[in-house]
Amino acid sequence: MNRDDALKKIKKCLALAKSTNPNEAGIAMRQAQRLMAEHGVSLDDVALSDVSVVKCSTRTNSQPRWEVSLARMIAEAFGCDLIWLSEDRMLGSRRVIHREVAFIGIASAPQVAAYAWDVLSRQCAKARLAHLRKQPARCKPITLTARGDEFAMGWVHAAHQLLDAFANSERNVLLIEQYKAQTWPDSTTFKAKDRTIGRNVTTTDRAAGFVAGLEAQLNRGVGGVPERALLA
């Protein structure tokens, strides 16, 4: 029996230990204690085993405000936390940074958040590109980037209507924080990159993004299962 199997067995035993039958409860608790001793598992380990993580590729490598805002919005909606991961990779002779966003939550919540991220980030990036193609040919690349980001922020704001926030219990919040501290002890905070400051953006960029975001769709979850059902 490996550690993961032991954790599952221990959790079942601890659940049975709550039985109203004293004999059954006693046997289950002794079995749980024996397994915990054999595999070096603590009660904290058992609790943390409820935490799961799903990693997703990002749409950009620069972590602009719209992408960070969308990820945070999705994480909060499904009772998750998140962390941004980066890794240096070699592409031929060139070193590139590969970024991922990891959704951290209880049970299947991260899986649903990852699904929402995949669907909505793809739709936002596609709408942003369509907006950029409407810009005057004389626009500088840096101006196009700024206008695209402003559009995307409007899109994200409008897409918020699709997501109803789940109230996370205090226990879940503490478990997630403990998991993050153990898994990524050296993580630091960062400020999302605002590529619109000092650029030639207009209110029409964000307004256009908001209108486009109203058409965002998030109908079904992983494997065709409604996303709400996955959290039941």
Side-chain donor or acceptor of E100 paired with backbone N/O of W84 under 3.5 Å: no
For V211, enumerate each residue passing the side chain to side chain contact (heavy atoms under 4.5 Å, CB included) test, keeping only those at least two apart in sequence or located in another chain. none
To the nearest 0.5 Å, what is the distance between CD on Q217 and CG on L120? 10.5 Å
Which residue pairs satisfy the salt bridge (charged side-chain N to carboxylate O under 4.0 Å, His left out) criterion with at least one member in residues 127-148, sequence neighbours excluded? R128-D149
Salt bridge (charged side-chain N to carboxylate O under 4.0 Å, His left out) partners of residues 32-42, not counting sequence neighbours, each pair once: R34-E38
Enclosure of K193 NZ (heavy-atom neighbours >12, cutoff 6.0 Å): no
Flag the pair S121 / L70 as yes when at least one side-chain heavy-atom distance between them is below 4.5 Å, and no otherwise. yes
Check ion pair D118-R122 (N to O, under 4.0 angstrom): yes
Donor-acceptor pairs under 3.5 Å, side chain of residues 20-30 to any protein atom, not counting sequence neighbours: which ones?
unit_1	atom_1	unit_2	atom_2	d
N21	OD1	N23	N	3.0
N21	OD1	E24	N	3.2
E24	OE1	S19	OG	2.6

May I ask you to decide if E150's main-chain N or O and D205's side chain share a donor-acceptor pair within less than 3.5 Å? no
For residues V156 and C124, report the shortest heavy-atom separation together with the two atoms involved. CG2-SG, 4.3 Å
Do C139 and L144 have side chains that approach each other closer than 4.5 Å (heavy atoms only, starting at C-beta)? yes
Does W184 belong to the same Ile/Leu/Val/Met/Phe/Trp/Tyr cluster as I176, with side-chain heavy atoms less than 4.5 Å apart forming each link? yes
Least distance between heavy atoms, A159 atom then A216 atom: CB-CB, 4.1 Å
Hey, can you pull the donor-acceptor pairs under 3.5 Å for the side chains in residues 40-49, sequence neighbours left out?
unit_1	atom_1	unit_2	atom_2	d
S42	OG	D44	N	3.4
S42	OG	D45	N	3.2
S42	OG	D45	OD2	3.1
D45	OD2	R3	NH2	3.2
D45	OD2	S42	N	2.9
S49	OG	V46	O	2.5

Hydrophobic cluster identity match, I74 and V54, side-chain contacts under 4.5 Å: no
Heavy-atom side-chain contact between V119 and Q123 under 4.5 Å: yes
Using the test ring-ring contact (aromatic ring centres under 6.0 Å, His included), find all partners of F210 that sit at least two apart in sequence or belong to another chain. H157
If the condition is salt bridge (Lys or Arg N to Asp or Glu O under 4.0 Å), which residues does K11 pass it with, not counting sequence neighbours? D50
NZ-CD distance between K180 and Q178, expressed to the nearest 0.5 angstrom: 13.0 Å
Do side-chain atoms of W117 reach the backbone of S57 as a donor and acceptor pair under 3.5 angstrom? yes
Can you tell me how far the CD1 atom of I197 sits from the CZ atom of R195, to the nearest 0.5 Å? 12.5 Å
Where F78 and A116 come nearest, the two heavy atoms and their spacing: CE1-CB, 3.8 Å
Considering residues at least two apart in sequence or located in another chain, which fulfil the salt bridge (Lys or Arg N to Asp or Glu O under 4.0 Å) criterion with R99? none
Are the side chains of M153 and R65 in contact, using a 4.5 Å heavy-atom criterion? yes
Residues which pass side chain to side chain contact (heavy atoms under 4.5 Å, CB included) with R72, listed by chain and number, not counting sequence neighbours: E76, D81, L82
Of the non-hydrogen atoms in T196 and A146, which two are nearest, and what is the gap between them? CG2-O, 3.4 Å
For S69, which residues count as a side-chain hydrogen bond (donor to acceptor under 3.5 Å, both in side chains) partner, sequence neighbours excluded? none
Side chain to side chain contact (heavy atoms under 4.5 Å, CB included) assessment of L85 paired with V101: CA-CA 6 Å; L85 306 172; V101 56; over 6 Å; no
If you define the side chain from C-beta out and look only at heavy atoms, does anything of Y179 sit under 4.5 Å from V53? yes
Evaluate side-chain hydrogen bond (donor to acceptor under 3.5 Å, both in side chains) for R199 paired with T143, printing each intermediate quantity in order. CA-CA 6 Å; R199 304 304 172 194; T143 299; over 6 Å; no
For the residue pair A32 and L14, what are the closest heavy atoms and their distance? CB-CD2, 3.9 Å
So with a 6.0 Å cut-off around CG of L214, is the heavy-atom count from everything else above 12? yes
Would you say L7 and H39 make side-chain contact, with heavy atoms under 4.5 Å? no
Contact check, side chains of V96 and R94, non-hydrogen atoms, under 4.5 Å: yes
Partners meeting side chain to side chain contact (heavy atoms under 4.5 Å, CB included) with T60 (sequence neighbours left out): S62, P64, W66, E67
Scan residues 120-148 for pairs that pass ring-ring contact (aromatic ring centres under 6.0 Å, His included), counting only residues two or more places apart or in two chains. H131-F151
